[in-house]
Participant: 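Encoded as structure tokens, here's the structure I'll be asking about.
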Amino acid sequence: MEKAINGIHHITVIASDPQANYDFYTDLLGMRFIKKTVNFDAPDVYHLYYGDEIGAPGTVLTFFPFPDARRGKRGTGEITVIGFSVPSDSLNYWINRLAELAIDFDGPSKKFGYDYISLLDPDGMKIEIVADPNANNIMGWNNGEIPAEHSIRKFFSTTFYLRSSLMSEELFTKVMGAKLVGTEGNIKRYSFGEKASEAFVDIYEDGNTQRGISGAGTVHHIAWRTANDEEQNNWRNKVIEFGLHPTEMVDRNYFHSIYFREPGGILFEIATDEPGFMIDENFDSLGMELKLPEWHEPKRQLIEQILIPLRTKAFVKQN
Ligand code: ZN
């Protein structure tokens, strides 16, 4: 039985305009668009997936773009920052790239000894690009936007903004196998997973701020990695033992999931690494067509009429 959660699987964020979202994460950040599907629970909304070139767990950022969504309001009970790892010598490349394209960013600054810059996506979601020595050991890839040596490798961290963090920290350490790796000012950093799958959670506790309001630019949920159904069921039992209320397993086609709200108010998912994004498309054609799970296929025509067309580009692998 797994003793620790093996890092982040994916993070899902609410967006507004799908095209602006696509352009930012593929053209500017150089992520690969790996799946165009719908929110399985509300199939009149896209579910857009970005990641590394195969959409490996630990690299996958996904969005529910509601075209006329209002912006959320920042507050507690939320994930307020998503950080990505780039190799330790790549931060200057990113600084120059953003400066040349006249994209606003803050930094470089330092947190827990790591240099990083931050910028906002089109809906105001805060993204950090972090120089991470761990990323030096992970192969990069190039789709024509970002040279392989500088490409985003994986998630580095997220920031949990909580009114009270005590019970969340108990869940992290006693159930999920996370380790406290440092404290800096009023931020505590926890580590989940190891080596290539390691990701940090920075806890920022603030007892005086109201709960956030969900909307465009806010995180919907974070999913943690587990290998397969059997291990997921073990996690489910542990979460129940801790006193929380996970759902039954839900089939998300590309992975299987359970969901529960952690004590600080953030929606957690535990998702299997299997079967992955190549279950219904091959490597070259990932993201090229609207994919629906079989139970939504009968409604394809209606769904396609409702969704705003999205202009996507073919993936051309470069060396
Ligand atoms: Zn999810």
Participant: In a table with atom names and distances, give each donor-acceptor pair under 3.5 Å that connects a side chain of residues 307-316 to protein atoms at least two apart or in another chain.
Facilitator:
unit_1	atom_1	unit_2	atom_2	d
K313	NZ	D27	OD1	2.6
K313	NZ	D27	OD2	3.2

Participant: Side chains of T62 and H47: donor-acceptor distance under 3.5 Å anywhere?
Facilitator: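 Indeed, the side chains of T62 and H47 share at least one donor-acceptor pair under 3.5 Å.
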
Participant: Check for a donor-acceptor pair, side chain of N39 on one end and backbone N or O of P43 on the other, with a separation under 3.5 Å.
Facilitator: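 Flag not set: sc N39 to bb P43 has no pair under 3.5 Å.
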
Participant: I'd like to know if the side chain of H256 pairs up with that of E274 as donor and acceptor (distance under 3.5 Å, no hydrogens or angles considered).
Facilitator: no

Participant: Kindly indicate, with the supporting measurements, whether the criterion ring pair (Phe, Tyr, Trp, His ring centres under 6.0 Å) is fulfilled by F200 and Y190.
Facilitator: CA-CA 5 Å; F200 299 116; Y190 283 89; over 10 Å; no

Participant: Would you call the rings of Y254 and F40 parallel, tilted or perpendicular, taking 30° and 60° as the class edges?
Facilitator: tilted

Participant: After noting the C-alpha distance and the side-chain angles of H9 and F255, does the key distance pass the ring pair (Phe, Tyr, Trp, His ring centres under 6.0 Å) rule?
Facilitator: CA-CA 10 Å; H9 186 285; F255 41 86; 5.0 Å; yes

Participant: Are the side chain of R300 and the backbone N or O of L290 linked by a donor-acceptor pair below 3.5 Å?
Facilitator: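 Yes; judged by distance alone, with no hydrogens or angles, the pair exists.
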
Participant: Give a yes/no verdict on a cation-pi contact between R71 and F66, requiring under 6.0 Å between NZ or CZ and the six-membered ring centre and an angle within 45° of the axis.
Facilitator: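 Geometry flag: not set, cation outside 6.0 Å or 45°.
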
Participant: Does one side chain, of E128 or S118, offer a donor that lies under 3.5 Å from an acceptor on the other?
Facilitator: no

Participant: So Y49 and F63, ring pair (Phe, Tyr, Trp, His ring centres under 6.0 Å) or not? Walk me through it.
Facilitator: CA-CA 7 Å; Y49 287 73; F63 292 87; 9.9 Å; no

Participant: Can you spot which of W224, F156, F160 makes a ring pair (Phe, Tyr, Trp, His ring centres under 6.0 Å) with F192?
Facilitator: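 Single ring pair (Phe, Tyr, Trp, His ring centres under 6.0 Å) partner of F192 among W224, F156, F160: W224.
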
Participant: Please evaluate residues E100 and N96 with respect to the criterion side chain to side chain donor-acceptor pair (under 3.5 Å), reporting the C-alpha separation (whole Å), side-chain torsions for both, the decisive distance (0.1 Å), and the verdict.
Facilitator: CA-CA 6 Å; E100 269 168 29; N96 292 333; over 6 Å; no

Participant: Among S85, S157, S90, S88, find the one that has a side-chain hydrogen bond (donor to acceptor under 3.5 Å, both in side chains) with D132.
Facilitator: S85

Participant: Under the ring pair (Phe, Tyr, Trp, His ring centres under 6.0 Å) rule, what do F33 and Y25 come out as? Steps first, then yes or no, please.
Facilitator: CA-CA 8 Å; F33 184 54; Y25 286 98; over 10 Å; no

Participant: Return the minimal non-hydrogen interatomic distance between N142 and A148, and the atom names on each side.
Facilitator: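 Reported closest heavy-atom pair: CB-N, 3.8 Å.
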
Participant: Just checking, any donor-acceptor pair under 3.5 angstrom between side chains of N228 and T272?
Facilitator: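 Side-chain D/A pair, N228 to T272: absent.
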
Participant: Any Lys/Arg nitrogen of K291 or D280 sitting under 4.0 Å from an Asp/Glu carboxylate oxygen of the other?
Facilitator: no

Participant: Is atom CZ of R70 surrounded by more than 12 heavy atoms (other residues, nucleotides or ligands) closer than 6.0 Å?
Facilitator: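 No, not enclosed.
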
Participant: Applying a strict under-4.5 Å side-chain criterion to I, L, V, M, F, W and Y, I'd like to know whether V81 and Y116 cluster together.
Facilitator: no

Participant: So which of T80, T76, T209 actually passes side-chain hydrogen bond (donor to acceptor under 3.5 Å, both in side chains) with Y161?
Facilitator: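 Exactly one option meets the side-chain hydrogen bond (donor to acceptor under 3.5 Å, both in side chains) with Y161, and it is T209.
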
Participant: Can you give me the closest heavy-atom contact between S164 and E205, atom names plus distance?
Facilitator: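 Here S164 and E205 meet closest at CA-OE2, 3.3 Å.
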
Participant: Please report the interatomic distance CG(L61) to OG1(T12), rounded to the nearest 0.5 Å.
Facilitator: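 Between L61 CG and T12 OG1, I get 7.5 Å after rounding to 0.5 Å.
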
Participant: Tell me yes or no: between the side chains of E169 and S165, is some donor less than 3.5 Å from an acceptor?
Facilitator: yes

